[in-house]
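Each chain gets a letter, A, B and so on, in the order its sequence line appears, and its residues count up from 1.
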Number of protein chains: 2
Amino acid sequence: MKLNKKVKEMEGAEQKIIAAARRIFQRKGMAGARMEEIANEAGINKALLHYYFRSKEKLFQVVMTEAKMQMLGRLHPILGSEASLFEKIEKFVESYISFISLNPFLPGFILHEINRHPEEMVKMMLSNDKRPNLNKFFLQVESEIRKKNIIAIQPEQLFINMLSMCVFPFVARPLLQGVMNVSDKKFSLMIEARKKEIPKFIINAIKR
Amino acid sequence: MKLNKKVKEMEGAEQKIIAAARRIFQRKGMAGARMEEIANEAGINKALLHYYFRSKEKLFQVVMTEAKMQMLGRLHPILGSEASLFEKIEKFVESYISFISLNPFLPGFILHEINRHPEEMVKMMLSNDKRPNLNKFFLQVESEIRKKNIIAIQPEQLFINMLSMCVFPFVARPLLQGVMNVSDKKFSLMIEARKKEIPKFIINAIKR
DNA sequence: GTCTATAATGAGATAGAC
DNA sequence: GTCTATCTCATTATAGAC
């Protein structure tokens with residue numbers, strides 16, 4: 001779509017709009033976002049939004065498609081790799097938390113929008129191209145169970161536990177900070193610590 | 001507000017409206033909900049909504065206040081009780097999952113709205129009355145660590161892990177089902193199983 | 001491509017009859 | 001208390017000048 005010539009600073013209006021739309025949509029959701037707000041955030045005019053993207057819906061689709069690819073695209077490479085199970089868990093947690101730290105509103109955004117249109121959204125998430133390769137991971141877990149290296153656990157449950165512990169703190173951050181009475185600074189440190197703590201926790205939980 | 005005389009079936013318009021507002025707001029959020037939709041869901045007229053509750057905002061506050069009390073009110077009784085740590089974990093997980101199973105959209109609703117207005121919302125959540133009594137739980141964890149009954153772990157991290165595993169599956173249900181290719185029926189069974197699986201998982205992870 | 005001005009629609013809120 | 005009809009304003013979208 002654009003010749004990627006070193007990608008200087010501002011890539012023109014189109015990219016500024018997408019960047020702005022990302023920020024606004026991710027924080028407020030499709031229904032809560034205002035086209036004018038996005039225009040202001042991008043430092044341009046409302047009419048330009050419609051010039052580049054025909055409608056709010058279209059602009060939303062761009063942001064959502066990108067979001068979904070980022071969140072799901074990261075599942076495959078690691079969980080489908082050839083690494084050992086424990087190594088895989090360590091790599092996955094570390095990499096997933098690192099990524100979400102850079103896009104903290106992404107998970108909440110996706111989850112909220114999916115709840116508003118479960119059928120279409122899920123179909124859209126999975127149809128396009130690469131359906132996450134969880135089977136390899138699941139088979140590996142079952143194999144380790146048979147070899148008595150880990151306790152008996154449904155692979156799906158293990159996966160849910162791992163994903164929950166990685167993602168939930170971001171989705172629930174303000175609430176958790178409020179309930180536990182924790183500062184921004186301390187919470188960030190705790191998130192950072194979780195990159196190592198979660199794998200330890202999981203491996204402790206399942207190893208024999 | 002009403003004499004609770006056996007609470008027959010339909011409790012009049014006011015209750016029907018609240019019930020409808022709950023369903024719509026919880027699924028679509030404040031911004032995504034439509035007054036007309038709520039009216040239809042309640043089987044009454046738009047104007048009646050404004051007769052009973054002056055505005056959309058007021059109606060929203062009713063639903064949100066109720067929601068917050070239900071979610072946070074359940075933290076104290078169990079985590080602040082006199083039970084042993086392991087027992088407490090078992091009780092909490094079982095009870096929290098049971099409750100959310102009956103109100104599956106509640107967590108996502110609260111988390112989304114908090115993200116839209118972090119300051120006010122969190123203040124509102126914690127001000128009113130009972131701030132969750134997590135200190136007792138945290139001290140208990142530290143005591144068990146000193147007694148070498150469990151491994152060293154930051155009590156906050158343990159709490160986050162526990163809450164994540166309980167709540168996240170509901171927030172992310174459609175996505176998880178899509179990614180793991182699991183039917184409604186099977187997912188419900190998995191949730192039910194988690195009441196026992198999560199405590200086992202946690203206790204395995206922390207016990208010496 | 002980018003703007004200003006304006007049209008078109010959507011949705012919350014009110015008036016007034018019954 | 002409950003309804004129909006209507007008002008008002010916010011927001012998406014377009015027209016048209018530059």
Side-chain angles (χ1 to χ4, degrees), chain A residues 1-5 7-65 109 112-113 115-117 120, chain B residues 1-3 5 7-65 109 112-113 116-117 120:
Chain A
M1 207 164 237
K2 272 277 178 57
L3 297 190
N4 196 347
K5 43 175 177 184
V7 183
K8 277 283 183 228
E9 284 315 288
M10 278 308 150
E11 261 237 27
E14 186 164 347
Q15 289 307 311
K16 282 198 296 190
I17 292 173
I18 294 184
R22 210 166 12 224
R23 286 192 292 272
I24 302 296
F25 276 134
Q26 286 186 12
R27 282 174 176 73
K28 314 217 166 169
M30 166 67 171
R34 296 288 160 257
M35 291 296 266
E36 181 155 25
E37 209 180 351
I38 295 175
N40 292 341
E41 178 89 8
I44 55 135
N45 191 280
K46 259 198 309 176
L48 258 244
L49 294 186
H50 288 91
Y51 174 79
Y52 281 102
F53 307 85
R54 272 187 60 79
S55 66
K56 184 183 180 183
E57 180 63 32
K58 291 276 207 317
L59 182 52
F60 171 75
Q61 290 301 340
V62 170
V63 172
M64 175 52 87
T65 301
F109 170 59
H112 173 68
E113 296 302 334
N115 269 352
R116 290 196 55 201
H117 320 280
E120 314 134 53
Chain B
M1 207 163 239
K2 272 274 178 60
L3 298 189
K5 44 174 180 184
V7 182
K8 277 282 182 230
E9 284 316 288
M10 278 307 150
E11 261 236 28
E14 187 165 347
Q15 290 308 312
K16 282 196 297 191
I17 292 172
I18 294 183
R22 214 168 7 228
R23 286 192 291 274
I24 303 296
F25 276 134
Q26 286 185 13
R27 282 174 177 72
K28 314 217 166 165
M30 166 66 171
R34 296 288 162 257
M35 291 297 265
E36 182 155 23
E37 209 180 352
I38 295 175
N40 292 342
E41 178 88 8
I44 54 133
N45 191 281
K46 255 202 307 179
L48 219 28
L49 293 186
H50 287 91
Y51 173 79
Y52 281 101
F53 308 84
R54 273 186 59 78
S55 66
K56 185 183 182 183
E57 179 65 30
K58 290 276 206 319
L59 182 53
F60 171 75
Q61 289 302 338
V62 170
V63 172
M64 175 51 88
T65 301
F109 169 59
H112 174 68
E113 296 302 334
R116 289 196 57 200
H117 320 282
E120 315 136 53

Asks: Which pair of non-hydrogen atoms, one from B:Lys28 and one from A:Arg116, has the smallest distance, and what is that distance?
Replies: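 Between these two residues, the closest heavy atoms are O-CD, 3.9 Å.
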Asks: Hey, does B:Leu49 have a side-chain heavy atom less than 4.5 Å from the side chain of B:Phe53?
Replies: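 A side-chain contact is absent here, since even the closest heavy-atom pair is not under 4.5 Å.
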Asks: In whole Å, what is the span from the CG atom of A:Asn40 to the C1' atom of C:dC3?
Replies: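 That distance rounds to 14 Å.
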Asks: Nearest heavy-atom pair of A:Lys46 and A:Ala39: which atoms, and what distance?
Replies: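 Smallest heavy-atom distance, with atoms named: N-CB, 3.6 Å.
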Asks: Just how far, in rounded Å, is P of D:dA10 from CZ of B:Arg34?
Replies: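 Distance check: B:Arg34 CZ to D:dA10 P gives 15 Å.
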Asks: I want to check something: taking the side chain as every heavy atom from C-beta on, are B:Phe109 and B:Glu113 in contact at a cut-off of under 4.5 Å?
Replies: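 They are in side-chain contact.
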Asks: When the distance from CG of B:Leu49 to P of D:dG1 is rounded to whole Å, what number comes out?
Replies: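 Distance check: B:Leu49 CG to D:dG1 P gives 15 Å.
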Asks: Could you grab the distance from atom CE of A:Met30 to atom NE2 of A:His112, nearest 0.5 Å is fine?
Replies: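 Here the rounded value is 11.0 Å.
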Asks: Locate the shortest heavy-atom distance separating A:Leu48 from A:Ile17; write the atom from each residue and the value.
Replies: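 Residues A:Leu48 and A:Ile17, closest heavy atoms: O-CD1, 4.2 Å.
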Asks: Using atom CD of A:Glu36 as one end and atom P of C:dC3 as the other, report the distance to the nearest whole Å.
Replies: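 These atoms are roughly 13 Å apart.
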Asks: With no hydrogens and no angle check, is any side-chain donor or acceptor of A:Lys56 less than 3.5 Å from a backbone partner on A:Ala33?
Replies: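 Yes; judged by distance alone, with no hydrogens or angles, the pair exists.
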Asks: Output the rounded distance in Å from CG (B:Asn45) to P (C:dT14).
Replies: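 Spelled out: CG on B:Asn45 to P on C:dT14 is 15 Å.
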Asks: Measure from the side-chain heavy atoms of B:Ile44 and tell me the nearest of D:dC3, D:dT2, C:dG1.
Replies: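 Of the options given, the side chain of B:Ile44 lies nearest D:dC3.
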Asks: Just by protein heavy atoms under 4.0 Å, how would nucleotides 13-18 of chain D read 5' to 3' in B, S and -?
Replies: BBB---
Asks: May I have the step-by-step check of side chain to side chain contact (heavy atoms under 4.5 Å, CB included) for A:Phe25 and A:Ile38, ending in yes or no?
Replies: CA-CA 9 Å; A:Phe25 276 134; A:Ile38 295 175; 3.9 Å; yes
Asks: By a strict heavy-atom criterion of less than 4.0 Å, which residues belonging to residues 24-33 of chain B are in contact with DNA chain C?
Replies: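 Contacts with DNA chain C under 4.0 Å: B:Ala33.
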Asks: Rounding to a whole Å, what distance do you find between B:Phe53:CZ and D:dG1:C1'?
Replies: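 Atom CZ in B:Phe53 sits about 14 Å away from atom C1' in D:dG1.
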Asks: Any chance you could measure B:Leu59, atom CG, to B:Arg22, atom CZ, to the nearest 0.5 Å?
Replies: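 So the gap between those two atoms works out to 10.5 Å.
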Asks: Taking atom P of C:dG1 as reference, at what distance in whole Å does atom NZ of A:Lys16 sit?
Replies: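 After rounding, the gap between these two atoms is 13 Å.
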